[in-house]
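A short worksheet on the structure shown next.
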Amino acid sequence: MNQKLPKKFYLQNDVVSLAQKLLGKVLCTHILGNFTSGIITETEAYAGMGDRACHAYGGKKTNRNQIMYENGGLAYVYLCYGLHHLFNVVTNQKGQADAILIRAIIPLDGIDVIKQRRKVKTKLPPYLSGPGVVTSALGINLGHYGKNLRGNEIWIEDRKIEIAQENIKIGPRIGIDYAGADAKLPWRFVYNLKF
DNA sequence: ATGTCGATTTGCT
DNA sequence: GCAAATCGACATA
């Protein structure tokens, strides 16, 4: 059961198809004694230095994004708009700055903890949408920057959840109008949920 | 050294 | 429907 994704998975070089493969995988965190997890339902691919929407576009390297240049399988957490933590999965080999942004999940384990973190009084929404929401629900923060995704604080499991091709919606990425033509690339993958 | 803007969410008018 | 919140990266001087 509960199989962590192998290192090999993260080292693949096709970040776009990897982003699609992450749909249906389970993102888990074990933080301060609280275990929470959720099925990944929305991802966006950021294709390193060749992608204008990527932080590493043109080979840019800063303290913030340097982790993207490392080997795949690490967590790239960063602060956006000064208040939201966005969680990314670093992929590809060292020297390549590819990453996948996790935008939405369906809560699985630790619902009570998630409710508390999200300050929900009664019922939790069936799924959590929005990159900042995902991190707050799972308790991800800047302390997870650069963490190995096969460690015991944060990792991704393959629970063999089947995703039908026809339930995957593909479209342009969000909030990156500044990226010009690259903003139109169909690199956003949404698992169309219908329960 | 200072100013603008961003891979956004939330709450109020 | 719109504006506030708020920090790091990057451009300008």
Side-chain angles (χ1 to χ4, degrees), chain A residues 10 14-23 25 27 36 38 40-70 72 74-92 96-107 113-147 149 154 156 168-191:
Chain A
Y10 300 107
D14 187 352
V15 66
V16 176
S17 73
L18 265 182
Q20 182 163 351
K21 284 178 190 156
L22 275 182
L23 293 178
K25 298 293 186 290
L27 176 62
T36 50
I40 297 170
T41 58
E42 188 174 342
T43 61
E44 277 178 14
Y46 285 85
M49 32 198 119
D51 176 6
R52 290 193 54 174
C54 182
H55 287 162
Y57 172 62
K60 292 277 191 297
K61 201 170 192 175
T62 65
N63 274 337
R64 202 92 197 154
N65 71 9
Q66 51 150 330
I67 200 70
M68 298 176 84
Y69 290 84
E70 290 302 315
L74 302 178
Y76 173 34
V77 182
Y78 94 101
L79 195 58
C80 182
Y81 292 97
L83 26 118
H84 301 292
H85 294 114
L86 301 210
F87 171 71
N88 304 253
V89 177
V90 177
T91 71
N92 213 331
Q96 298 299 312
D98 297 357
I100 299 168
L101 171 68
I102 307 298
R103 295 185 53 87
I105 60 168
I106 302 172
V113 180
I114 292 177
K115 269 163 69 172
Q116 212 172 339
R117 287 182 181 138
R118 295 259 67 221
K119 299 191 175 89
V120 177
K121 291 194 172 34
T122 55
K123 267 192 293 195
L124 193 68
Y127 71 98
L128 300 174
S129 177
V133 174
V134 169
T135 52
S136 95
L138 296 182
I140 296 171
N141 56 53
L142 287 180
H144 296 91
Y145 180 89
K147 289 280 186 207
L149 293 176
I154 178 167
I156 299 178
I168 298 178
K169 271 215 170 105
I170 302 178
R173 292 171 292 177
I174 291 188
I176 51 166
D177 295 342
Y178 64 89
D182 287 349
K184 301 204 192 95
L185 290 170
W187 286 358
R188 173 167 172 253
F189 301 93
V190 183
Y191 175 34

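Per chain, numbering begins at 1; letters A, B, ... match sequence-line order. In this text the structure is predicted, and so the values were computed from the model without any measurement.
For the pair A/Arg64 and A/Tyr76, the cation-pi test (distance below 6.0 Å, angle within 45°) is failed. In this structure, A/Lys61 satisfies the cation-pi test against A/Tyr69, with its NZ or CZ atom closer than 6.0 Å to the six-membered ring centre and inside 45 degrees of the ring normal.
A/Leu101 comes within 4.0 angstrom of a nucleotide base, judged by non-hydrogen atoms across all strands. Residue contacts for A/Tyr76: at a heavy-atom cut-off of 4.0 Å it reaches a base atom on one of the strands shown. Residue A/Asn65 is out of contact with every strand shown, counting any heavy-atom pair closer than 4.0 Å.
Side chain of A/Asp51 to main chain of A/Gly48: no donor-acceptor pair is present (N/O by atom type, distance under 3.5 Å, no hydrogens or angles). One N or O on the side chain of A/Thr135 and one on the backbone of A/His85 form a donor-acceptor pair closer than 3.5 Å. When atom types are taken as modelled, the side chain of A/Thr43 and the backbone of A/Ala19 share a donor-acceptor pair closer than 3.5 angstrom.
Rounded to whole Å, the distance from NE2 on A/His55 to P on B/dC5 is 16 Å. Going from atom NE2 of A/His84 over to atom C1' of B/dT10 covers 8 Å, rounded to whole Å. With rounding to whole Å, A/Asn141 atom CG is found 15 Å from C/dC7 atom P. Atom P of nucleotide B/dG6 and atom OH of A/Tyr46 are separated by 13 Å, given to the nearest angstrom. Across the protein-nucleic acid pair, A/Glu44 atom CD and B/dT8 atom C1' stand 12 Å apart, rounded to whole Å. Nucleotide C/dC10 holds its C1' atom 18 Å from the NZ atom of A/Lys61, rounded to whole Å. Taking atom OH on A/Tyr78 and atom C1' on B/dC5, their separation rounds to 12 Å, with Å as the unit. For the pair A/Tyr57 OH and B/dG6 C1', the interatomic distance rounds to 17 Å; values are reported in whole Å.
Closest heavy-atom contact between A/Thr36 and A/Leu138: OG1-CD2, 3.6 Å.
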Verdict with reasoning, A/Glu44 to A/Trp187, per side chain to side chain contact (heavy atoms under 4.5 Å, CB included):
CA-CA 6 Å; A/Glu44 277 178 14; A/Trp187 286 358; 6.0 Å; no
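Side chain of A/Val133, nearest nucleotide from C/dC10, B/dT8, B/dT10: B/dT10. Checked against C/dC10, B/dG6, B/dT9, the side chain of A/Tyr81 finds its nearest nucleotide in B/dG6. Counting only heavy atoms from C-beta on, A/Arg103 has its side chain closest to B/dT8 among C/dA9, B/dT8, C/dC10. Listed nucleotides: C/dA9, C/dC7, B/dT10. Nearest to the side chain of A/Arg118: B/dT10. Comparing C/dT6, C/dA9, C/dC7 against the side chain of A/Leu83 picks out C/dT6 as the nearest.
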Which dot-bracket string describes DNA chain B (Watson-Crick N1-N3 plus N6-O4 or O6-N4, or G-U N1-O2 and O6-N3, all under 3.5 Å; [ ] crossing; | other strand)?
||||||.|||||.
